[in-house]
Amino acid sequence: MAENDILKEITEQEYKYGFVSLIEQEYAPKGLNEDIIRFIWEKKQEPPFMLEWRLKAYRYWKTMKEPRWAKVHYPPIDYQDIHYYAAPKSFKEKPKSLDEVDPEILRTFEKLGIPLRERERLAGVAVDAVLDSVSVATTFKEKLEELGIIFCSISEAIRNHPDLVQKYLGSVVPYTDNFFAALNSAVFSDGSFVYVPKGVRCPMELSTYFRINASETGQFERTLIIADEGSYVSYLEGCTAPIRDENQLHAAVVELIALKDAEIKYSTVQNWYPGDKEGKGGIYNFVTKRGICLGENSKISWTQVETGSAITWKYPSCILKGDNSVGEFYSIAVTNNYQQADTGTKMIHLGKNTKSRIVSKGIAAGHSNNSYRGLVQISRKAEGARNFSQCDSLLLGDKCGAHTFPYIEVNNNNSIVEHEATTSKISDEILFYCNQRGISKEDAIGLIVNGFSREVLNQLPMEFAVEAQKLLAVSLEGSVG
Amino acid sequence: MEILRIENLKVGIDGKEIIKGLNLTINAGEVHAIMGPNGTGKSTLANVLAGKPGYEVLEGKILFLGKDLLELEPEERARQGLFLAFQYPVEIPGVTNANFMKTAVNEVRKYRNLEPLDAFDFLQMMKERASLVGLDVSYLNRNVNEGFSGGEKKRNEIFQLAMLEPTLAILDETDSGLDIDALKIVANGVNSLRSSDRSFLVITHYQRLLNYLTPDFVHVMYDGKIVLSGGSELAHELESKGYDWLKNGNNGKK
C-alpha cells in the first residue's frame, strides 16, 4: 500500500465501537417520576429498603439544580425525555447460563473484544458485562467464590447480600452529595459489586465492561467495592457506545471502601462515543467516584484513561480517614475535535501521616477544552500529611485549550503540599523535525503522547496498558493536518 | 555518481520569490559549501530540500538519486538518505533521545528492508556515535534537546547524522552560536563521517567552520542565485573581501 493510502486510512478511521446491535429491547416509558422508580425497583426485585432509599433520593434530587461550575458547555438536558431503563426482552429473567443468552448479545461483546464464554475469556481477568441497564454475565464467579470473594452485578448483590449493601451503599457518596449522584441513587439500574473478605488477595483482575446500546436512554451505573481488612483487589472498567447524533447521559456513582490494611486499585479505560468531528452526538459522562480509606494503612489508587465522551465531568477522589492511609490519582485525559473534559480529583486528608499523590496528564487537540480541577484538603488533625501533585498539559495545534484549577487548603502547619505544572505544545516545527528523521506525523504524535503519558500508563494492569496505548493514538488520529 | 541535481530552481514564500533560478550538482563523496549574506535564500534552499511545508516551488526540478525529490513526503526523503542538521533544533517533550533515535533508525532500516536493531546492538551504536561528538551517554535518556545548551543541540544534530548514515547531509548554519571549542568538536565529528558514499552540503554565513572542514567546492549565493563557484580558496577570498564585493557586479566563474 502506498504511504499516502495508509495515512489516509488511519486519519479517517472512525470510532471503532460505534455499531448498534439489533436486540429487542424493553423500555421503561420516557420520563422520570415516582412510578418509574417503582417500575425499576420492581424489575430489579429489590427488597423494600431500596425503594425507600430510591424515593428519598428522587425527592431530594427534585429540589436540586444542575451544577454549572465546570468549564463545560452544553444545552439544557430534558430529564423527562430519557428512558431510565432499557433491557433486552429476552431478559425477563436473568439467564442462568450463557446458553440462554441471546446470541446477538454474545456477538456484541465478542465484537468489543470481551468474550464471555469462559473457554475464550481473557486469562486472569473476570468480567461482569453490563448492557444498557442490566448485567449480562459475570465470568469466573465460582472460582472467586471459593475464596469468599463476591463478584456480581449490584442487582444480584442487593437481592443476595442485602446487609452488606445496606451498610455501605451511599456511605461514601450519599444521595445528597450532588445533582447527578442524587439522580443516580434514584434510578440506577446496574453495575458491579465486589466484596473481598479479610486477608484475601484477589488472584485475578476484576473488570466490568459497560455498553450502551439502546437509544434515547440514560445509563446509570452503580458500583460498590468493599475490601475488608488486609485484602487486596484490582478492578478495571471499560466502556463504549454506538455512534448516534443524540447526546446520551451516563451518570455513574462508584464507591470504594478500604478497611484497615486493605488496598483497592481501580482503573478506568473510558471510551464512550465522543461525538463526530463537528461535535455532534456523544456521551455526557457525569460521574461521581469516591473512595474512603476507612482503616489505618489502607490504600486506594485511581488510574483513568479518558479518551471518549463528548463531555467528561468526573473527579475520582479519596477520603483518607485512617491514619497512614494513602490515596493516589493517575489520569490521562484526551480531548479531540469538540470534546470537553473537566476532570481531576479530591484528596481529603483526615488521618495522621496520610499521603496522596496526583499525576494528571491532559492532552488537547482540535477545538477541544481540557481542564484539570483538583482539591487537596488537609484537615487540622491530619498531622504530618503529605501531598504531591503533578499536572501536565500537552496541546496539539492552536485551537484547543488546557486549563488547570488547583485548590489547596491546609489547616495545620506540619504538612507538606507540593504542586508542579507544565504545558507543552506539539507544533508543526516538532512534527517536521520528526518527519525529517524518517518518522511519520502519526508515529511522531504517538511517540510524544506515549512519552508524555508513560507515568500513568505504567500504573495500568499489563493486559490493558497496551490497549490503552493504542487507544491514545487512535483518539488523536486526524488531529493534525 | 550523481547524488543531487538542482536545475533552475525558483522558490517563493507568500508570493515573494526567494530563490531565483539556482543550479547545483553534487556527486558522491563531495563536500559543497554554500556561503552568502543573510537573507539570500540559503536556509530556504535547505528547507525546500528537506520538504518543509510553506514553500512554493515555482519552477525547476530537483533530482535526488535520480528521482524527483519534490514528489516525496519529508519522511520519505529522510528514509531515502537525505538528512538536515537544523539551524534551530526543536525540543520534543516526553521523548528521550534514545527512544527518538531508535524509532528513526528503525524507520530508515525498514525502508531499506533491514531488520530492526536489537536493544543491545542499538545501545552499542548509540554510545559509539555519541562519543564522536563528545556527548555523554546520560544525554540519551534525556528528552530530545530539552534543557540542552545551544552547543549541545548542535552536537546532538551531528550525533543524529552519525546514527542515520545519510547519503546526503545538509548542515544549515550548524556553526552559528557555537564557541570555538564546540565548533571544533562539530567539525571533527563531521570530518570523521566523510566518506566516498556520503555527500555534504554545508550552509554557512562565516568562513570559520570551513577552516576545520575543507570543502571540495564553495558556492556563493546572493539574491537567490549562486553567483560564484570555486574551490576552498574562494572561502578565504570572501572572508578577506567581504560580501560587499559581490554587490559590485562580480560575475560567476568556475
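Chain letters run A, B, ... following the sequence lines, proteins first and then strands; every chain starts at 1.
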**Student:** For A:Y433 and B:L84: C-alpha separation, side-chain torsions, deciding distance, then whether side chain to side chain contact (heavy atoms under 4.5 Å, CB included) applies.
**Tutor:** CA-CA 9 Å; A:Y433 189 85; B:L84 171 63; over 6 Å; no

**Student:** Could you measure the distance from the OG atom of A:S440 to the CD atom of B:E107? Nearest 0.5 Å is fine.
**Tutor:** 6.0 Å

**Student:** Which of residues 91-103 of chain B have a heavy atom under 4.5 Å from any heavy atom of chain A?
**Tutor:** B:E91, B:I92, B:P93, B:G94, B:V95, B:N99, B:F100, B:T103

**Student:** Are more than 12 heavy atoms, taken from residues, nucleotides or ligands other than A:K355, located less than 6.0 Å from that residue's NZ atom?
**Tutor:** no

**Student:** Non-hydrogen contacts under 4.5 angstrom with chain A: give the residues of residues 111-126 of chain B involved, or none if there are none.
**Tutor:** none

**Student:** Quick one: which residues of residues 147-174 of chain B reach chain A at under 4.5 angstrom, heavy atoms only?
**Tutor:** B:E157, B:Q160, B:L164

**Student:** List in chain and number order the residues that pass side chain to side chain donor-acceptor pair (under 3.5 Å) with A:S360, two or more places apart in sequence or in another chain; answer none if no residue qualifies.
**Tutor:** none

**Student:** Quick check for you: among A:S453, A:A444, A:C434, which has the greatest number of heavy-atom pairs under 4.5 Å with chain B?
**Tutor:** A:C434

**Student:** With a 4.5 Å cut-off on side-chain heavy atoms, are A:E429 and B:Y88 touching?
**Tutor:** no

**Student:** Atom CG of B:N143 and atom CD1 of A:I448: how far apart are they, to the nearest 0.5 Å?
**Tutor:** 10.0 Å

**Student:** Are there more than 12 heavy atoms of other residues, nucleotides or ligands under 6.0 Å from atom CG of B:D14?
**Tutor:** no

**Student:** How about B:P74 and A:Q436: do any of their side-chain heavy atoms sit closer than 4.5 Å?
**Tutor:** no

**Student:** Say whether, by atom type as modelled, one donor and one acceptor occur between the side chain of B:R79 and the main chain of A:G438 under 3.5 angstrom.
**Tutor:** yes

**Student:** Is it the backbone or the side chain of A:D443 that comes under 4.5 Å from a heavy atom of chain B, or both, or neither?
**Tutor:** side chain

**Student:** Most heavy-atom pairs under 4.5 angstrom with chain A, which of B:A104, B:G54, B:G51?
**Tutor:** B:A104

